[in-house]
Amino acid sequence: VVFTDCRFTNELNALKDLGFITVKVDMAEDEVRRYLTSQGRDAIEIDRLLAHRSEREWQEYGFDHTVRSVMGDLKGLFAQIDGVVRANLL
């Protein structure tokens, strides 16, 4: 089972308590801003979105693994996820 989005530490803690492995997909904030701009969001809306509790609370959580996401590099992201899966589940 894979949960693709947890935004609050209580959600992450509940999954950890059930034995899940947590993986943070980390993308540089400037890339996030570029993506949101490409989706038609203006700078004020982007600032508001990124300042929201649901975008900040989980950032400092003690994840089991962190993978780096680079805009447009799905192959690289998949390779990192594959490494996490192989190291933990196979």
Side-chain angles (χ1 to χ4, degrees):
V1 175
V2 175
F3 288 88
T4 60
D5 192 8
C6 291
R7 294 182 179 263
F8 299 101
T9 54
N10 66 315
E11 297 169 340
L12 290 159
N13 287 333
L15 292 171
K16 286 293 290 182
D17 289 347
L18 293 170
F20 281 78
I21 296 165
T22 58
V23 180
K24 177 181 182 181
V25 179
D26 192 31
M27 179 181 274
E29 188 171 315
D30 63 318
E31 288 192 64
V32 173
R33 288 179 178 280
R34 260 196 317 275
Y35 171 75
L36 292 171
T37 299
S38 77
Q39 299 300 303
R41 310 282 181 132
D42 65 35
I44 293 170
E45 185 178 12
I46 292 170
D47 287 343
R48 184 182 55 79
L49 287 169
L50 294 180
H52 191 270
R53 182 176 154 235
S54 67
E55 291 297 334
R56 292 287 173 205
E57 182 176 311
W58 58 272
Q59 293 285 342
E60 300 305 317
Y61 186 80
F63 289 89
D64 297 311
H65 301 276
T66 298
V67 296
R68 306 283 179 222
S69 179
V70 176
M71 189 74 67
D73 183 18
L74 287 177
K75 186 176 180 179
L77 180 61
F78 292 158
Q80 291 176 77
I81 295 294
D82 187 59
V84 170
V85 169
R86 289 178 186 279
N88 290 277
L89 302 175
L90 300 180

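Since we're looking at a predicted model, the values are computed, not measured. Only heavy atoms go into these numbers, but all of them, side chains included; no hydrogens, no water, no symmetry mates.
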Nearest non-hydrogen partners of M27 and S69, listed with the distance: CE-OG, 3.4 Å
Taking D26 for its side chain and R68 for its backbone only, find out whether a donor-acceptor pair lies under 3.5 Å. no
Here the pair of heavy atoms bringing D64 nearest to I21 is OD2-CA, 3.3 Å
Can you name the side-chain contact (heavy atoms from CB on, under 4.5 Å) partners of V85, sequence neighbours left out? I81, L89
Applying side-chain hydrogen bond (donor to acceptor under 3.5 Å, both in side chains), name anything that partners E45, two or more places apart in sequence or on another chain. R41
Are L12 and F20 linked, directly or through other ILVMFWY residues, by side chains that come within less than 4.5 angstrom of each other? no
Give a yes or no on this: more than 12 heavy atoms of other residues, nucleotides or ligands lie within 6.0 Å of atom OH of Y35. no
Test log, rule side chain to side chain contact (heavy atoms under 4.5 Å, CB included), inputs K75 and D73: CA-CA 5 Å; K75 186 176 180 179; D73 183 18; 4.1 Å; yes
Out of curiosity, does V25 fall in the hydrophobic cluster containing F63 (side-chain heavy atoms, cut-off under 4.5 Å, transitive links)? no
For a side chain to side chain contact (heavy atoms under 4.5 Å, CB included) check, start with the C-alpha distance between D82 and R86, then their side-chain angles and the critical distance, and finish with the verdict. CA-CA 6 Å; D82 187 59; R86 289 178 186 279; 2.7 Å; yes
Nearest 0.5 Å, please: how far is CG in N13 from CG in L18? 11.0 Å
Quick one: are K16 and T22 in side-chain contact, heavy atoms under 4.5 Å? yes
Do L36 and M71 sit in the same hydrophobic cluster, where Ile, Leu, Val, Met, Phe, Trp and Tyr count as joined when their side-chain heavy atoms come under 4.5 Å apart? yes
Are the side chains of R56 and L50 in contact, using a 4.5 Å heavy-atom criterion? yes
I'd like to know whether E11 forms a side chain to side chain contact (heavy atoms under 4.5 Å, CB included) with W58, so could you lay out the CA-CA distance, the side-chain angles of the two residues, the decisive distance to 0.1 Å, and finally the verdict. CA-CA 9 Å; E11 297 169 340; W58 58 272; over 6 Å; no
Hey, are the side chains of R7 and E57 touching, using non-hydrogen atoms and a 4.5 Å cut-off? no
Note: H65 and N88 closest approach over all heavy atoms is NE2-ND2, 2.9 Å
Quick check: are there more than 12 heavy atoms from other residues, nucleotides or ligands sitting under 6.0 Å from CD1 of I44? no
Whether over 12 other heavy atoms sit under 6.0 Å from E60 CD: no
